[in-house]
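Some notes on the structure that comes next.
Residues take their numbers from the sequence shown, with the count starting at 1. What's counted below: heavy atoms across the whole structure, side chains too, no hydrogens, waters or symmetry copies.
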Amino acid sequence: MPVVDMPEEDLLRHRVTTPEPADLDAWWATQLAKTTADAAPAVLTPHEPELYQPLSVYDVEFSGAHGHRVRGWYLRPPGGDPLPVVVTYIGYGGGRGLPAHHTLLPSLGFANFVMDSRGQGGRWSVGATADAGAGTGPEHPGVMTRGISSPDDYYFTRLYLDAARAVDVVAELPGADPSRIAVTGGSQGGALALAAAALRADKVKVCHSDVPFLCDLHRAIRIGGTPPYTEISDFLAQHDALVPAALETLRYVDCALLARRITAHTLFSVGLMDETCPPSTVYAAYHEVRAPKQITVSPFGKHTTPTSHVETQLRHLRDHL
């Protein structure tokens, strides 16, 4: 793709053109209801208390999609008052890592819940959750095509359900204020933040989505020239018969379509030279958010955010959480 996929003035006008499935809300409501019905109580196990004091750190196991057990970390500052809690989602290929990787927010007075990504955690940070509901049929290496012939079987349906359930779980964790929940993440994590904010709009007050993945998907898989989007385009190049079903599945997990349901104060970031998540796809999601929103634009940014962006996020949390 070109260094900039469309001029900035066009980005300000770009809208997702993929039609929303007529049953999108009803379908997700059914999926969420099934997952909630299958849920067992979360289990919290103290993790290395002498190492992390004065923080409280717990290894959490909770029920995600279809009752599958998902792991996470819960980090909390000292004290007994209910605190605002930030749910952190992880980028593609990574897992929850170690608690030491997530101590910034607790050091500033926020509780932090870090959700592991099922079936990932083997590329750049460790994970601890298997994908118990893996789909059937052929797939490209990676998870982008796992179960892609049906939204019921698709990997990202399960991951979005995990993300929504994480919000439900943190609302009941000790020391968390259920009226002050934020979601955050970059790339895949940014997509999960958007999905959670849309699927649990009644609970999420703040949403941070950095260079989000999985937006404007019908466009993204056509213009995205690098992994992970090429997992899908390369796969469909070999499986012509699956193209209609795959495109239909992607409509159900397109964060540009789900974003219309977000009610949280939302902060995006975008890099105008991002070849992994092309800026037009990010703007497609941004324009669909009808709640109060802002976007940080990095003219020379690639698939990352400027160092200063972390302070922009912290100010946003202080202002709205």
In terms of heavy-atom contacts, Leu32 and Leu199 come closest through CD1-O, 4.0 Å
Cationic tip of Lys293 above Tyr286 ring, under 6.0 Å, 45° of axis: yes
Keeping the roles fixed (side chain from Arg180, backbone from Ala176), state whether a donor-acceptor pair exists under 3.5 Å. no
Closest heavy-atom contact between Val211 and Cys277? O-SG, 3.8 Å
Does any N or O in the side chain of Asp116 come within less than 3.5 Å of the main-chain N or O of Ala128, such that one atom is a donor and the other an acceptor? yes
Short side-chain to backbone donor-acceptor contact, Arg222 and His218, under 3.5 Å: yes
Closest non-hydrogen atoms of Asp216 and Ala284, given as atom of the first, atom of the second and distance, are OD2-CB, 3.5 Å
Within this structure, what is the CG-CD distance for the pair Asp25 and Glu20, rounded to the nearest 0.5 Å? 6.5 Å
Determine yes or no for a side-chain-to-main-chain donor-acceptor pair under 3.5 angstrom, with Arg260 supplying the side chain and Glu288 the backbone. no
Between Asp319 and His265, do the side chains contain an N or O donor and an N or O acceptor separated by less than 3.5 Å? no
Co-membership, hydrophobic cluster, residues Phe156 and Trp28, 4.5 Å side-chain: yes
Glu9 atom CD, neighbour heavy-atom count above 12 within 6.0 Å: yes
Looking only at the aromatic ring of each residue, does the gap between the centers of Tyr74 and Phe62 stay below 6.0 angstrom? no
Any donor-acceptor pair under 3.5 Å linking the side chain of Ser209 with the backbone of Ala193? no
Between Pro99 and His47, the two heavy atoms sitting closest are CG-CD2, 3.7 Å
Taking Asp5 first and then Arg219, would you say they form a salt bridge - that is, a charged N and a carboxylate O separated by under 4.0 Å? yes
Could you tell me how the ring of His68 sits relative to the ring of His66: parallel (under 30°), tilted (30 to 60°) or perpendicular (over 60°)? perpendicular
Restricting to non-hydrogen atoms, name the atom on Gly224 and the atom on Pro278 that form the minimum distance, rounded to 0.1 Å. CA-CG, 4.4 Å
Do NZ/NE/NH1/NH2 and the carboxylate oxygens of Arg165 and Asp168 come within less than 4.0 Å? yes
For Tyr229, run the ring pair (Phe, Tyr, Trp, His ring centres under 6.0 Å) check against Phe213, Phe235, Tyr92 and tell me which one passes. Phe213
